[in-house]
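We're numbering straight along the sequence, starting at 1. Quick note: numbers below take in every heavy atom, side chains included, and nothing from hydrogens, waters or symmetry partners.
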Amino acid sequence: MPRTALRRALESLKAEPSRTWSIIITVYGDAIVPRGGSLWVGTLSTFLHALGIGDGVVRTAMSRLAADGWLERSRIGRNSFYRLAERGRETFRTATEHIYNAHPPPPGGGFVLVLPGNGENRETARVALQAAGFGSAAPGVWVAPAGAAIPSEAAEALRLEASADAETRRRLAALSWPLDRTAAAYRRFLETFEPLRAALAAGGALSDLDSFIARILLIHAWRRIVLRDPVLPADLLPPDWPGTAARALCADLYHRLLPASERWLDENGQAEAGPLPPPGPELRARFR
């Protein structure tokens with residue numbers, strides 16, 4: 001039954017070190033930004049109550065997100081509305097393509113090696129390179145498939161182009177990125193969400209609210225994995241790489257959940273001007 005599969009997914013989420021503020025960011029990035037970006041805190045509380053999260057925790061999380069520059073608040077009478085602040089918008093502009101539409105480079109290419117050196121900007125460059133998906137083959141040596149964009153924070157670093165035979169390429173990838181750990185995370189994702197996908201594919205149904213819950217849990221779990229995955233060419237990955245199956249499952253389940261979850265937002269979502277506006281076309285284009 002879909003409800004049983006959803007309950008198991010929720011239990012899996014509760015077992016992870018997720019925090020309320022992180023789930024809220026998922027809600028905004030996945031569901032609210034395509035609808036104008038602003039949401040009444042009462043709508044958000046209704047959703048979070050369904051996850052067993054109380055008002056006090058919600059207030060604390062919203063205050064933290066506002067204080068840290070992720071959200072900004074406006075008030076109309078006694079009602080509070082929040083939207084992503086510039087920091088949040090910029091983060092999601094960068095992450096959106098990777099979450100929903102990342103495609104690996106073609107196989108057979110070389111590598112770019114970046115050596116930031118020992119200057120005062122070394123730590124800034126390290127953080128930026130890691131965030132951009134570069135792996136570390138050795139201390140101070142950063143690696144990415146050829147053609148990868150080098151972040152501006154590392155623009156002054158020494159850049160080298162390299163090529164290698166197939167076996168050396170796979171060894172370099174295994175040395176530079178935690179592929180075993182990423183593969184294990186993808187397998188857990190498949191184990192968590194495949195029962196729900198199968199139940200829906202067999203004709204089961206969820207309520208509109210449960211569909212929205214399942215959609216947010218799905219993307220929350222997915223983004224925590226995929227944003228750490230550099231999405232390497234297939235010839236650099238171990239055989240039977242589970243990321244391919246995980247992306248296919250995520251795409252299929254997301255579009256199964258989308259109509260009912262959007263109905264829940266249509267009926268319950270409120271922004272400053274009234275009901276949430278309809279989503280833009282970019283929502284339907286996700287995972288295409």
Side-chain angles (χ1 to χ4, degrees), residues 1-27 29-31 47-48 50-53 95-104 133 135 170 173-174 177-261 264 286-288:
M1 295 291 290
R3 193 70 176 82
T4 301
L6 175 58
R7 186 176 66 251
R8 289 173 180 166
L10 181 56
E11 290 169 353
S12 176
L13 174 73
K14 289 181 176 179
E16 295 288 333
S18 300
R19 294 176 173 83
T20 301
W21 65 265
S22 183
I23 297 172
I24 291 169
I25 288 294
T26 300
V27 171
D30 181 70
F47 162 71
L48 293 171
L51 296 182
I53 299 172
T96 292
E97 190 67 17
H98 201 75
I99 293 171
Y100 300 104
N101 296 310
H103 298 288
R170 283 192 292 272
W177 290 279
L179 297 181
D180 289 346
R181 189 169 66 206
T182 303
Y186 278 131
R187 292 189 185 98
R188 288 193 298 271
F189 180 88
L190 287 164
E191 291 170 1
T192 299
F193 289 101
E194 173 56 32
L196 179 57
R197 189 210 64 81
L200 294 176
L206 291 170
S207 69
D208 291 352
L209 174 56
D210 282 344
S211 294
F212 187 68
I213 291 171
R215 168 185 164 184
I216 296 303
L217 296 185
L218 177 75
I219 294 301
H220 186 68
W222 176 249
R223 76 175 179 90
R224 294 176 69 195
I225 304 170
V226 76
L227 290 180
R228 295 181 173 91
D229 183 353
V231 190
L232 299 174
D235 62 329
L236 299 185
L237 298 171
D240 301 320
W241 179 247
T244 305
R247 181 171 286 277
L249 182 149
C250 191
D252 181 54
L253 183 52
Y254 188 79
H255 284 285
R256 290 181 186 276
L257 295 167
L258 199 59
S261 65
W264 187 82
R286 289 173 173 174
F287 292 109
R288 297 302 190 190

Open item on the list: So I24 and L48, do their side chains get closer than 4.5 Å, heavy atoms only?
Closed with: yes
- [ ] State, to 0.1 Å, how close A50 and I213 come at their nearest heavy-atom pair, and which atoms those are.
- [x] CB-CD1, 3.5 Å
Open item on the list: Any heavy-atom pair between the side chains of T182 and W177 that's under 4.5 Å?
Closed with: no
Open item on the list: With salt bridge (Lys or Arg N to Asp or Glu O under 4.0 Å) as the criterion, how do R197 and E194 come out once you've worked through the C-alpha distance, each side chain's angles and the decisive distance to 0.1 Å?
Closed with: CA-CA 5 Å; R197 189 210 64 81; E194 173 56 32; 3.0 Å; yes
TODO: Compare every heavy atom of L200 with every heavy atom of G204, then report the nearest pair and how far apart it is.
DONE: O-CD2, 3.5 Å
Task: Heavy-atom closest contact (I216 atom, A31 atom, distance) - done: CD1-CB, 4.5 Å
Task: Beyond-backbone contact of W222 with R247, side-chain heavy atoms, under 4.5 angstrom - done: yes
TODO: Quick one: sort the W241 and Y186 rings into parallel, tilted or perpendicular, breaks at 30° and 60°.
DONE: perpendicular
Task: Euclidean distance, I219 CD1 relative to Y254 OH, rounded to 0.5 Å - done: 5.5 Å
Open item on the list: Can you tell me how far apart CG (L196) and CG (L257) are? Round to the nearest 0.5 Å.
Closed with: 6.0 Å
Task: Contact summary for L179 and L236, nearest pair of heavy atoms - done: CD1-O, 4.1 Å
TODO: Flag the pair D30 / R286 as yes when at least one side-chain heavy-atom distance between them is below 4.5 Å, and no otherwise.
DONE: yes
Open item on the list: If I compare all heavy atoms of F189 with all of I225, which pair ends up nearest, and what's the gap?
Closed with: CB-CD1, 3.8 Å
Open item on the list: In terms of relative ring orientation, are F47 and F212 parallel, tilted or perpendicular, with 30° and 60° separating the classes?
Closed with: perpendicular
TODO: Using distance alone, with no hydrogens and no angle criterion, decide if S22 and R223 have a side-chain donor and acceptor under 3.5 Å apart.
DONE: yes
Open item on the list: Within the 4.5 Å heavy-atom criterion, are W264 and S211 side-chain neighbours or not?
Closed with: no
Open item on the list: Could you report the tightest heavy-atom contact between C250 and F287, atom names first, then the distance?
Closed with: SG-CZ, 3.6 Å
Task: Pairwise side-chain contact, V231 with H98, heavy-atom cut-off 4.5 Å (strictly under) - done: yes
- [ ] Hey, could you give me the CG/CZ distance between D229 and R224, rounded to the nearest 0.5 Å?
- [x] 15.0 Å
- [ ] Drop me the distance from T96's OG1 to N101's CG, to the nearest 0.5 angstrom.
- [x] 9.0 Å
